[in-house]
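Here, residue 1 is the first one in the sequence, and each next residue gets the next number. Order of appearance sets the numbers: ligands from 1, and atoms from 1 within every ligand.
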Amino acid sequence: MSASDLIITRRTAPAKVTVGLSDLGILRRVLGLAMRYRWGMAIAFVTTVIAAIFQLLIPQYLGEAVDSARGLLAGGDAEAARAALWSTAFLLLGASVLRGLFTMWHNYQGEAIGQRIAYDLRLAYYAQLQRLSFDFHDRTHSGELITRGMLDIEGIRMVINAGFLRLVLIALLVGFGATLLLSQDLWLGLIALSFVPFAAWRSVVARLRLRAGWLALQEKLGILTRVMEENLQGIRVVRAFAAQPYELRKFDVVSDETLALADQRIDIRVRNTTAMSYAFFLAMGLLLWVGGRKVLAGEISVGTLAEFLAFMAILQMPIRQLGMMVNAFARASMSGGRLFEVLDREPVIQDAPGALELKVTDAALRFENVSFTYAGARARGGASPTLATLHDISFEVRAGRTLGIVGPPGSGKSTIAHLIPRYYDVDGGRITIDGQDVRDVTLGSLRRAVSLVQQDTFLFTASIENNVAYGNPWAERDRIAHSSEMARLHDYIAGLPKDYETLVGERGVSLSGGQRQRLSIARSILVDAPILIFDDSTAAVDAATEQGIREALRSQSTRRATIIIAHRLGSLMDADEIIFLEGGRIVERGSHQELLALGGRYASLYALQSLGNEPAADAPAGEAGR
Ligand code: ATP
């Protein structure tokens, strides 16, 4: 994808279409956010107007000061001229000081409101990300969501000062300034203002080009970051395949493209700044030439000419900043579109109106003819039943009993686990817990009743204690230690220099795969939920340690229903019922003995795995035995 493709992708982000807001609608909405701080905005507006008034007074006082000074030099009433010069000088000084103060105040006010809006949006955005269902997260890249949460909020923050307030300032300065100049002397006024349209045009064009370049540059920097991140995270794979030269080349190519884009931006900036300066000094030269002749002809005073020159100097800055203002509006409308698209989205999975708390008595979990298709698959293949991930799944498991689920990769085992806490909703049939449809109870109570030990372990950058206690932050150290003991991890933790206080590195890199899985199991045990699901969560644990965990759990199993999903039959052969899934359908079911007697797929798998000879996965013999 070329840089221009990237720009187009960004510019045509579907967000605006989805939320149905035009650019103006988005800006109005941003202004609405700012109006939450009504008083702050009122102060910002008033201080902007006052700053503009003082700025407009300065050239007039300057003109008067020049004329007074000339009067002094020319002889005449020296006392009166000196007094006039002093009073004008004081007025000039006062106007300059007050202008500075009010400019500072309006900038402060604008920035402060921008920061408050950013704060509000950040909290709302983060809360919304917690609410949105997996269906949304499956389809949206997390890097994209992080960008929206950082850069897009920044884009909205900046528009208050650099957009709305600057618009007021520029409109006042150019509007009143032009009127004053033109009313004093039409021709001189036109000459003084002649640079304005050109400079405004160049400023806007340059800013928009710089903006496009900036977006492309961000994309390239994003790619650079990703290449570096992947290289660092996958450093073992890179070294194992001796792929350093390839990785270096990959990085070089993107670095070169990034540098080219940065050069392009410098080029645009330098060319346009130079063109605007030429236009300004050309107009100033013309003004001096025509104005000088008028002074010589006695048509205007030197002070009036000085006033025109001072006006030009004052107008120069805001005109040059016009581009920044247009840029701020363009960025805010694009960022707002992307951000509001997330904020306005209603989560697919949420509490039904009037949902009640789940009441668990027997922890009787029932799947009744459940079928399900992922949204991604639905989008690809319409309603075709062949694409369904699960077809007509029925089973029951209750407190004191264990259900085993086995089947080839991709057969739908994890999907069954994900439907129970309503990560997704079923398309057909229903799931009940003690007779209550999971869609009719509150999500909070449902998720508290189901503890899922995921296939992929995720550890937070925090102490081992905090990681284990993630689902129950108030748990006492004894309980944390007990859960870790059940997960056969306590002895290992106790042997660490800071035992439970030991910090787990970034995503648990300092722990082995099996240790991470056991920490994850301890975390789920601590929650003490009535339904406990292991989703292939002991794959990296050796058989002996796994046996120990199962026995520890068995002592508590009378009060909880357990589901074990595994590829290794040794993990689930003790289950009361085992279902064999294939292509999202239950193709065999029964106890271990019944399934062996059936002589079907389960029996073949059992024979293939030649149980009893399995090697230990989580190596150290000493640790496994503990
Ligand atoms: P494994 O044993 O490899 O863990 P599994 O039996 O647990 O596999 P699932 O993870 O349930 O299989 O996946 C079942 C099917 O659904 C697969 O074809 C998979 O590609 C697809 N699938 C899984 N998650 C999603 C998702 N979030 N969006 C779309 N399709 C998905």
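The contact set between ligand 1 and T389, taken as ligand atoms under 4.0 Å from a residue heavy atom, comprises 14 (C), 15 (C), 16 (O). Close contacts of ligand 1 with P409, meaning ligand atoms under 4.0 Å from a residue heavy atom, involve 1 (P), 2 (O), 3 (O), 8 (O). In the vicinity of T415, heavy-atom distances shorter than 4.0 Å reach the ligand 1 atoms 9 (P), 11 (O), 13 (O), 14 (C). Applying the 4.0 Å criterion to heavy atoms of Y424 picks out, from ligand 1, the atoms 27 (N).
Residue D138 touches ligand 1 through its side chain alone, judged by heavy-atom distances below 4.0 Å.
The pair R131-E346 counts as a salt bridge, with a side-chain nitrogen and a carboxylate oxygen less than 4.0 angstrom apart. The pair E485-R479 does not meet the salt-bridge criterion, since no charged nitrogen lies less than 4.0 angstrom from a carboxylate oxygen. Under the 4.0 Å criterion applied to side-chain N and carboxylate O atoms, R29 and D344 are assigned as salt-bridge partners.
Not close to ligand 1: D536, with no non-hydrogen atom less than 4.0 angstrom away. Using a 4.0 Å heavy-atom cutoff, G412 is listed among the residues neighbouring ligand 1. The closest approach between any non-hydrogen atom of F372 and ligand 1 is not below 4.0 Å. Residue-ligand proximity: H567 is placed with a non-hydrogen atom under 4.0 Å from ligand 1.
For Y470, the OH atom is loosely surrounded, since the number of other residues' heavy atoms within 6.0 Å does not exceed 12.
Checking E357 against T442 by side-chain atom types alone, a donor-acceptor pair falls below 3.5 Å.
Between atom 14 (C) of ligand 1 and the options S414, G584, G410, the minimum heavy-atom separation is to G410.
Between Y606 and H592, the gap from one ring centroid to the other is short of 6.0 Å.
Considering backbone and side-chain N/O of G407, none are found under 3.5 Å from N/O of ligand 1.
Residues forming a salt bridge (Lys or Arg N to Asp or Glu O under 4.0 Å) with D425 (at least two apart in sequence, or on another chain): R422. For Y423, the ring-ring contact (aromatic ring centres under 6.0 Å, His included) test picks out F134, H418, with sequence neighbours left out.
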